[in-house]
K.L.:
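Dropping the structure in here first, questions after.
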Amino acid sequence: MSAEATNPASPGPITPGAHRRRGRPRIDLRRLGRAALLGPTARGRLPDAIGHVVEAHRAHYPDADLDPLRRAYVLAESSHRGQMRKSGEPYITHPLAVTLILAELGAETTTLTASLLHDTVEDTDVTLDQVRTEFGEEVAYLVDGVTKLEKVDYGAAAEPETFRKMLVATGNDVRVMSIKLADRLHNMRTLGVMRQEKQERIAKVTRDVLIPLAERLGVQALKTELEDLVFAILHPEEYAQTRALMVTNAERADDPLAAIAEEVRGVLREAGLSAEVLIRPRHFVSVHRVRRKRGELRGADFGRLLVLVAEDADCYGVLGELHTCFTPVVSEFKDFIAVPKFNLYQSLHTAVARGDGEVAEVLIRTHQMHKVAEAGVVALGNPYMPSGEEHLDTVGERADPTRPGWLSRLLDWQQSAPDADMFWSTLREDLAQDREITVFRPDGGTIGLPAGASCVDAAYAQYGEDAHACIGARVNGRLATLGTVLSDGDTVQLLMDGMDGAATSEPSRDWLDHARTPAARIAIRRWLTAHPEGPSATEAAPRAPYSGPSVRPVAANTVVDQPGATVRLAGCCTPVPPDEVTAFAVRGGVVTVHRVACPGATRMKSAGRPEVGVRWADAEERAEYRVTLMAESFSRPHLLADLTEAIALEGVAIISATVEPPAQGRVRHTYTLQLPDAGHLQGLMRAMRNVPGVYDVGRAQHAAAGAL
């Protein structure tokens, strides 16, 4: 690989995936087929036809017990004998090729055994019970997981229901999907014998479902080749143009990427860093994407440098040397070692420029990181055995690669999509989300969401259908609407109404505009379908302002140093004991009392208006007090009724009330209230804050009237 990548030979007739096969002889499936037809070999002896599989397997597992592979091959060959592929090859060449793909990726023996048998139950007389008896429960589960459902039983729903079955099986054992991906890759490699319309149909399903699944499971080696094969079928003209560019570049006498690679080797040698520097040619789709992004391509754009080291710390040492000795392109730097991708991928990404303007992208990773980057969950071996624990990451939901967060969410929402068409369309929509973010809960837990998800999605991810009662959120400590889009690393506190079972809040159709996850969208749609009338007009939060009678509070409890004056509490701040107050004489022999901190009082002082001495009456002199409070809340049905009930239960009379129209899901209520005693104020404010949906209550601060 190293020599080939350093000095790539002319590609000749480039085909999708050819760059992955350089460095080893192309396997002749016809020859394997002829070997298979020679019949079973002597007991205990490995058949020649699986020699390539055994060789690849021993490269990863030198001490593996090969007897299960021998027995699985013998059963598969005998059961498929006489069956032919559309290409004219014996059918056994297909399970052999699928198993070889997995063996090269580092799959363990159980996966390879099931791969050899993966079509026997579907296409031959072999039964699942027979597989279970001969090879055990694990192998039987994997074979059953990839076995298609019959069209005669499911009709048009057979394909989506088969994928649903595979995904559910994958939820218990990710090796099911590993086998399916390798199966699809070999079928895509040999798709040329099919009619064009069938090629396109299979390619579209591969693009919409299998490639995103390969990405999520981190199996980049399969993902990139599948992308190229789909590209060739669905976009033949662009594929031909890209291929021509790659052929022309391969034929050039000078290779700027090779020259940069040699410079990098020299820099690292001088720094005493032991590293392997390889040239990693871009695959077809990657070249096409770079061309669309940058326009005309230069020589270094057709590949990237891959630097492999032994330890994590060496990755940062290499990075430091490259950024010291070359000009770094800062915008291209990404650290996926400190913050791994959700699919187990770890690597440092950077780009460096030479004096002549050539820019080379560089990937820096350890050998183990490279293995996982190529093979994803397949590189974990058997992830259900304790020996696999050494490969696990410990960051959030990435800690369990056997049940990643995206898969758990997919399995949850698929249960709520009984209709095959809904499941199929929603699955494609879900898998189209190509990036994952992690947000934190106040209790230290995490929620995994697709990029672009909102607080609505976080609510349904955390609470399921109980999220119908969500009334708002705090994002990083600040109040936020449910439509707020979340970013990776945000902390989200969801505000719920009546989690004790007395919830009165309900979803709004507007929530669908903010929901990105299938779980949220399905739950909201189901609730809206069950409640087509929605909240009644009389129960809904007011859509227009409501104002009760406006009464200026009379200060029957203030004593001022102006005998005979009518004393009023200023409407801009409505002071109550024990507020520190001041007073001013106004027209008509009226004295207005303000809180000392009131902006209106400050303006009158600045204007030179003289203050009037004022104090609160003693307790025995006091009558009732009036105060204006402002409540900030999230919009929800019954809110006005609940607030007025809470006020009434405190023994407080409402003199006037104003409710502003909802804006961005929030409502402002202003109440002028008559308290039996000033000591009731703090208890009243607490009672109002305890009403679900109310997130703040405070003393009103209105602009002072000009007459004052």
K.L.:
Can Glu332 and Thr350 be said to form a side-chain contact (heavy atoms from CB on, under 4.5 Å), step by step?
P.N.:
CA-CA 5 Å; Glu332 296 293 325; Thr350 190; 5.7 Å; no
K.L.:
Is any side-chain heavy atom of Gln241 less than 4.5 Å from a side-chain heavy atom of Arg291?
P.N.:
yes
K.L.:
Hey, mind stepping through His283 and Val287 against side-chain contact (heavy atoms from CB on, under 4.5 Å) and telling me if it holds?
P.N.:
CA-CA 6 Å; His283 63 107; Val287 171; over 6 Å; no
K.L.:
Under a 4.0 Å N-O cut-off, is there an ion pair linking Arg184 with Glu225?
P.N.:
no
K.L.:
Give, for atom CE of Met177 and atom CG of Leu167, the distance between the pair rounded to the nearest 0.5 Å.
P.N.:
4.5 Å
K.L.:
Between Tyr239 and Phe231, what is the ring plane arrangement, given parallel below 30°, perpendicular above 60°, and tilted in between?
P.N.:
perpendicular
K.L.:
For the side chain of Arg252 and the backbone of Asp254, is there at least one donor-acceptor N/O pair under 3.5 Å apart?
P.N.:
yes
K.L.:
Aromatic rings Tyr345 and His349: how do their planes relate, parallel, tilted or perpendicular, breaks at 30° and 60°?
P.N.:
perpendicular
K.L.:
Is it the case that Arg282 places NZ or CZ above or below the six-membered ring of Phe302, under 6.0 angstrom from the centre and within 45 degrees of the axis?
P.N.:
no
K.L.:
Can you find a pair of side-chain heavy atoms, one from Thr327 and one from Val352, that are under 4.5 Å apart?
P.N.:
no
K.L.:
Should we count NZ of Lys148 as having more than 12 external heavy atoms under 6.0 Å?
P.N.:
no
K.L.:
So, taking the atom named CZ in Arg365 and the one named SG in Cys315, what distance separates them when rounded to the nearest 0.5 Å?
P.N.:
9.5 Å
K.L.:
Going by distance alone, is a donor N or O of one side chain under 3.5 Å from an acceptor N or O of the other, for Arg298 and Asn249?
P.N.:
no
K.L.:
With distance as the sole test, does Arg304 use its side chain to make a donor-acceptor pair with the main-chain N or O of Leu363 at under 3.5 Å?
P.N.:
no
K.L.:
What is the distance from atom CG of Asp314 to atom CD1 of Ile364, rounded to the nearest 0.5 Å?
P.N.:
11.0 Å
K.L.:
For the side chain of Arg516 and the backbone of Arg521, is there at least one donor-acceptor N/O pair under 3.5 Å apart?
P.N.:
no
K.L.:
Are the side chain of Asn343 and the backbone of Leu217 linked by a donor-acceptor contact shorter than 3.5 Å?
P.N.:
no
K.L.:
I'd like to know whether the aromatic ring centres of His94 and His118 sit less than 6.0 Å apart in this structure.
P.N.:
yes
